[in-house]
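Note that the coordinates shown come from a computational prediction; the quantities given were computed from them, not determined experimentally. Hydrogens, waters and symmetry mates are skipped; everything else that's a heavy atom, side chains included, is used. Throughout, a chain's letter reflects where its sequence line sits, starting with A, and its residues are numbered from 1.
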There are 2 protein chains.
Amino acid sequence: MFKALGDPTRLRIFTFLQAQCYPIAVETETGAVSPLSGPTVGEVCCHVTGDPVVTSTVSFHLKELRQAGLITTERSGRHMICGVNPDAAGRLIAFLNDGPAERKTNDDCCN
Amino acid sequence: MFKALGDPTRLRIFTFLQAQCYPIAVETETGAVSPLSGPTVGEVCCHVTGDPVVTSTVSFHLKELRQAGLITTERSGRHMICGVNPDAAGRLIAFLNDGPAERKTNDDCCN
DNA sequence: TAATTGTTTCTATATGTATAGAAATAACGA
DNA sequence: TCGTTATTTCTATACATATAGAAACAATTA
């Protein structure tokens with residue numbers, strides 16, 4: 001995950017998706033939960049390059065983010081809808097927090 | 001910061017430092033705060049390579065972590081004492097959290 | 001079915017970066 | 001001052017990866 005977010009283009013995409021489509025379940029009139037909606041790949045590309053044409057580079061970065069478990073992509077007709085993985089940020093935060101929790105002694109060191 | 005933690009060796013070093021020397025200010029008998037103490041570079045090296053001899057590779061990774069603001073190094077006699085930067089994890093966590101806070105509309109997209 | 005739109009995979013290339021050995025620097029003790 | 005210990009910087013190399021163009025694939029509409 002850290003490696004995936006280490007690339008500036010991918011971090012840009014991830015924060016864009018966080019802002020655009022952080023998945024908040026919304027109740028509709030019927031009480032159902034609205035489907036996870038967000039930008040298409042074209043819209044992501046648009047934000048990154050300023051041009052709505054989808055480049056192989058953006059597609060590659062989306063794949064990396066998906067494989068790292070940071071985002072999801074889902075086909076909807078002719079489009080692919082992108083969204084952040086709801087527990088991605090939580091997992092990273094947990095990792096950053098539990099350092100001191102699993103604190104060890106210096107006995108582990110070989111000196 | 002994400003890029004620095006993206007390398008497996010550096011993530012190993014960082015979590016080791018988090019576990020070994022997470023900087024908790026400790027009051028001494030005189031009321032003073034104990035100095036930030038932690039492993040030396042040799043001890044870090046030992047944890048990473050199993051050998052207390054300091055390699056240029058570990059030194060390089062420590063420099064990267066330092067330049068990313070994730071750790072601190074401080075000379076103490078012949079040794080360099082390593083420690084995590086106290087607000088490094090906090091800054092990352094804040095970044096991961098404020099995505100939805102700064103949520104924007106789809107109007108930003110050029111389509 | 002053919003054409004069109006949206007997206008991904010393939011292949012190549014250029015840049016970045018992790019690693020390793022050797023030389024250099026810094027602090028301490030004899 | 002000289003040698004020893006601890007660590008960093010230098011230089012080169014091998015590997016990883018971001019990028020780009022072209023071809024392939026998938027779903028929709030005419």
Side-chain angles (χ1 to χ4, degrees), chain A residues 1-17 20-21 35 37-68 70-83 106 109-111, chain B residues 1-17 20-21 35 37-68 70-83 106 109-111:
Chain A
M1 282 181 162
F2 285 128
K3 190 161 141 195
L5 292 177
D7 179 80
T9 303
R10 286 196 291 265
L11 187 59
R12 185 118 187 271
I13 293 172
F14 182 75
T15 54
F16 175 66
L17 291 182
Q20 292 289 337
C21 62
S37 76
T40 65
V41 173
E43 287 167 331
V44 169
C45 222
C46 195
H47 178 255
V48 171
T49 67
D51 197 327
V53 67
V54 178
T55 64
S56 59
T57 296
V58 167
S59 181
F60 164 73
H61 286 309
L62 286 172
K63 189 184 69 180
E64 295 284 309
L65 288 168
R66 184 165 8 96
Q67 288 178 346
L70 287 162
I71 69 167
T72 58
T73 56
E74 189 182 349
R75 184 171 279 282
S76 167
R78 266 192 271 199
H79 296 278
M80 294 290 289
I81 303 297
C82 306
N106 262 315
C109 189
C110 60
N111 282 10
Chain B
M1 280 182 162
F2 285 129
K3 190 162 142 193
L5 292 177
D7 179 80
T9 303
R10 285 197 289 266
L11 187 59
R12 186 118 187 271
I13 293 172
F14 182 74
T15 54
F16 175 66
L17 291 182
Q20 291 290 336
C21 62
S37 77
T40 65
V41 174
E43 288 168 331
V44 169
C45 221
C46 196
H47 179 255
V48 171
T49 67
D51 197 325
V53 69
V54 178
T55 64
S56 59
T57 297
V58 167
S59 182
F60 164 73
H61 286 309
L62 286 172
K63 188 185 70 182
E64 296 284 309
L65 289 168
R66 184 164 8 96
Q67 287 177 346
L70 286 162
I71 69 167
T72 58
T73 56
E74 188 183 350
R75 185 170 277 283
S76 166
R78 266 190 273 198
H79 295 279
M80 292 290 289
I81 302 299
C82 306
N106 262 315
C109 191
C110 59
N111 281 10

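When each of D/dA22, D/dT8, D/dT5 is scored by its nearest atom to the side-chain atoms of B/Ser59, the top-ranked nucleotide is D/dT8. You'll find that the side chain of A/Val41 is closest to C/dT7, out of C/dC10, D/dT7, C/dT7. Of the candidates D/dA18, D/dA26, C/dA26, D/dA26 carries the atom nearest the A/Arg75 side chain, counting heavy atoms from C-beta on. Minimum atom distance to the side chain of B/Lys63 is reached by D/dT9, of the listed C/dG29, D/dT9, D/dT8.
Distance NE2 (B/His79) to P (D/dT4): 18 Å, rounded to an integer number of Å. We find that CZ of B/Phe60 is positioned 16 Å from C1' of C/dG21, with the value rounded to whole Å. Atom-to-atom, CZ of A/Arg10 to P of D/dA16 comes out at 16 Å; the value is rounded to the nearest Å. If you measure from atom CD of B/Glu64 to atom P of D/dT8, you get 13 Å, rounded to the nearest angstrom. Look at CZ on B/Arg12: it is 17 Å from P on C/dA18, rounded to the nearest Å. Rounded to an integer number of Å, the gap from CE of A/Met80 to C1' of C/dT9 is 14 Å. Atom CG of B/Leu5 and atom C1' of C/dT17 are 16 Å apart (whole Å). Atom CZ of B/Arg78 and atom C1' of D/dT8 are 17 Å apart (whole Å).
Using a distance-only test at 3.5 Å, with no hydrogens or angles considered, no donor-acceptor pair links the side chain of A/Arg66 to the main chain of A/Ala68. Judged purely by atom type and a 3.5 angstrom limit, A/Thr15 uses its side chain to pair as donor or acceptor with the backbone of A/Arg12.
A sub-4.0 Å separation between OP1 or OP2 of C/dT19 and a side-chain N or O of B/His61 is present. Taking only side-chain nitrogens and oxygens, A/Thr9 comes nearer than 4.0 Å to OP1 or OP2 of D/dT19. At the phosphate of D/dA16, neither OP1 nor OP2 sits under 4.0 Å from any side-chain N or O atom of A/Lys3. In this model, the phosphate group of D/dT7 is not approached by any side-chain N or O of B/Thr55 to a distance below 4.0 Å at OP1 or OP2.
Separating the NZ atom in B/Lys63 from the CZ atom in B/Arg10 is a distance of 10.5 Å, to the nearest 0.5 Å.
Interface remark: the A/Thr40 side chain does not form any donor-acceptor pair with the C/dG6 base, using a distance-only criterion of under 3.5 Å. For D/dA18, the base has no donor-acceptor partner in the side chain of A/Thr57 [N/O atoms by modelled type, under 3.5 angstrom].
When the nearest nucleotides of DNA chain C are assigned to B/Asp7 and A/Val53 by heavy-atom distance, the more 5′-ward of the two goes with A/Val53.
Checking each of A/Ile13, A/Val48, A/Thr55 against A/His61 for a side-chain contact (heavy atoms from CB on, under 4.5 Å) leaves exactly one that passes, namely A/Ile13.
When all heavy atoms of A/Ile81 and A/Gly38 are compared, the pair lying nearest together is CG2-N, 3.3 Å.
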